[in-house]
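Here is the structure we will look at.
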Amino acid sequence: MPRTSLAAAGLSAVFLAAIGIARSGAEPVLKGTEAFGDWQRDKPGTVRLITPQDLPKPGATASSSKFPRVMPRPASAAPQVPAGFKIELFASGLSGPRIIRTAPNGDIFVVETGSSRIRILRSPDGAARPATNEVYATGLNQPFGIAFFPSGDNPQWLYVANTDSVVRFAYRNGDLKASGKPETIVARLPPGYAHSTRDIVFTPDDKRMLVSVGSAGNAGEGLGRPPKGIEAWSRDHALGAAWGDETDRAAVLAFDPDGKNQKLFATGIRNCVGLAVQPGSGTPWCSTNERDGRGDNLVPDYVTRVREGAFYGWPWYYIGSNEDPAHAGARPDLKDRVTVPDVLLQAHSASLGLTFYTGSSFPPEYRGDAFAAEHGSWNRSKRTGYKVIRIRLKDGVPTGEYEDFVTGFVIGDNEVWGRPVGVTVARDGALLVSEDGNGTIWRVSRD
């Protein structure tokens, strides 16, 4: 909604500022402590760069508990986007829409996790609203990630990552209803308590299926030591692999497409909620929630390339060789073996869905960049997140900078109306954003 129409609706200048109306003109890059802002400073075009050197010491601020009150969307409120773009309500009345993905034929698959079902929205290219809204499948178990297989224009299967398993449906382009019951591919994933979301992607050669599994706890509480000791465990397991209740968790798992030959692809990733494969390079990326309870600006969430065999620190270290005080002296063998993530985000932003821009309708500089949905903080005294960010890349490599792209979901210090979860690129090049606070999907396109 443009500024003029909002003003005409009688909104105050304070409210206009609060919902993040975009200002024209280039914005400076916020660095260091300046990058640790809150929702009141969010607006489209704001760019942040957080580096490992910027991190405060653990306990520099108290750990806060500030859960948001999710309110009905004010009739005059709408998300805000940069100049040159527009945002429109694409779908409403959905039941907690989470991950959204675009099928090769252009259909939009919407995962309604809480209702354990998958919905399909279909609209002509360029249309602001779907013409078809159908439930594709029900009776799943807290589904989250979905993926089409094999890659290309003619998939034969729709894979679904439940909280405790991976199943697949026989699929043909244009199907609006599942043609039969799902086939179980992975019968048992680590159970879904604590971090319950599971995302799924395939490598470009279709030879490997990657599934993300979050940790069971916040920071390895009660982990103790493996039965035969650290040295023996390390010899027989992947670098940084955890044990006990955290076995095969805080990790990205790899399987064959038929669910066999399970391996740890990468470890020490507390909660890789969103998985995506970068076009061109074929590199998997994670959108990650880091640990709580370390203060307002620890530990940064992050979006990063995921290297096979790499260890990202959890629970013993974070953002490189920074030792978690709860595990002081526990794993000196890992101190210099931690992979530093590519793009550090404001701590407690709750980074969820992730996608790469493959369309052609946005300006050329957007092509190949990534978008991530920030669900929003609860463990921070000054609210942060509740937006969609653009991850800047140069020649396919992340610069470390990220930019506010869609803001305006916060009403006040204690109240929000929207909590972004999923992002996908429609066939016509628009960006679609789901939020599970009011059950809506929004469409961003060129103005």
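If you're wondering where the values come from, they're calculated on a predicted model, not measured in any experiment.
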Please determine whether the number of non-hydrogen atoms from other residues, nucleotides or ligands lying under 6.0 Å from atom [atom1] of [X] exceeds 12.
| X | atom1 | answer |
| --- | --- | --- |
| D245 | CG | no |
| E231 | CD | no |
| R117 | CZ | yes |
| K31 | NZ | no |

Flag the pair [X] / [Y] as yes when at least one side-chain heavy-atom distance between them is below 4.5 Å, and no otherwise.
| X | Y | result |
| --- | --- | --- |
| F362 | D369 | no |
| P79 | V81 | no |
| Y317 | K335 | yes |
| F265 | R208 | yes |
| V421 | H375 | yes |
| I411 | W39 | no |

Do [X] and [Y] pair up side chain to side chain, a donor and an acceptor below 3.5 Å, judged on atom types alone?
| X | Y | value |
| --- | --- | --- |
| D199 | S212 | no |
| S63 | N379 | yes |
| D206 | S151 | yes |
| S234 | R331 | yes |

Option from V273, V110, L352 for which side chain to side chain contact (heavy atoms under 4.5 Å, CB included) with R98 holds: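 Of the listed residues V273, V110, L352, the side chain to side chain contact (heavy atoms under 4.5 Å, CB included) partner of R98 is L352.
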Pi-cation contact, Y366 with R390 (under 6.0 Å, within 45°):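 Geometry flag: set, cation within 6.0 Å and 45°.
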Tell me if a side-chain donor or acceptor on [X] pairs with a main-chain N or O of [Y] at a distance below 3.5 Å.
| X | Y | value |
| --- | --- | --- |
| E290 | R270 | no |
| R380 | D296 | yes |
| E112 | S95 | yes |

Electrostatic pair E308-K263, nearest N-O below 4.0 angstrom: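 K263 and E308: not salt-bridged.
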Before giving the answer on side-chain contact (heavy atoms from CB on, under 4.5 Å), spell out for T288 and V303 the whole-Å C-alpha distance, their side-chain angles and the decisive distance to 0.1 Å. CA-CA 6 Å; T288 302; V303 174; over 6 Å; no
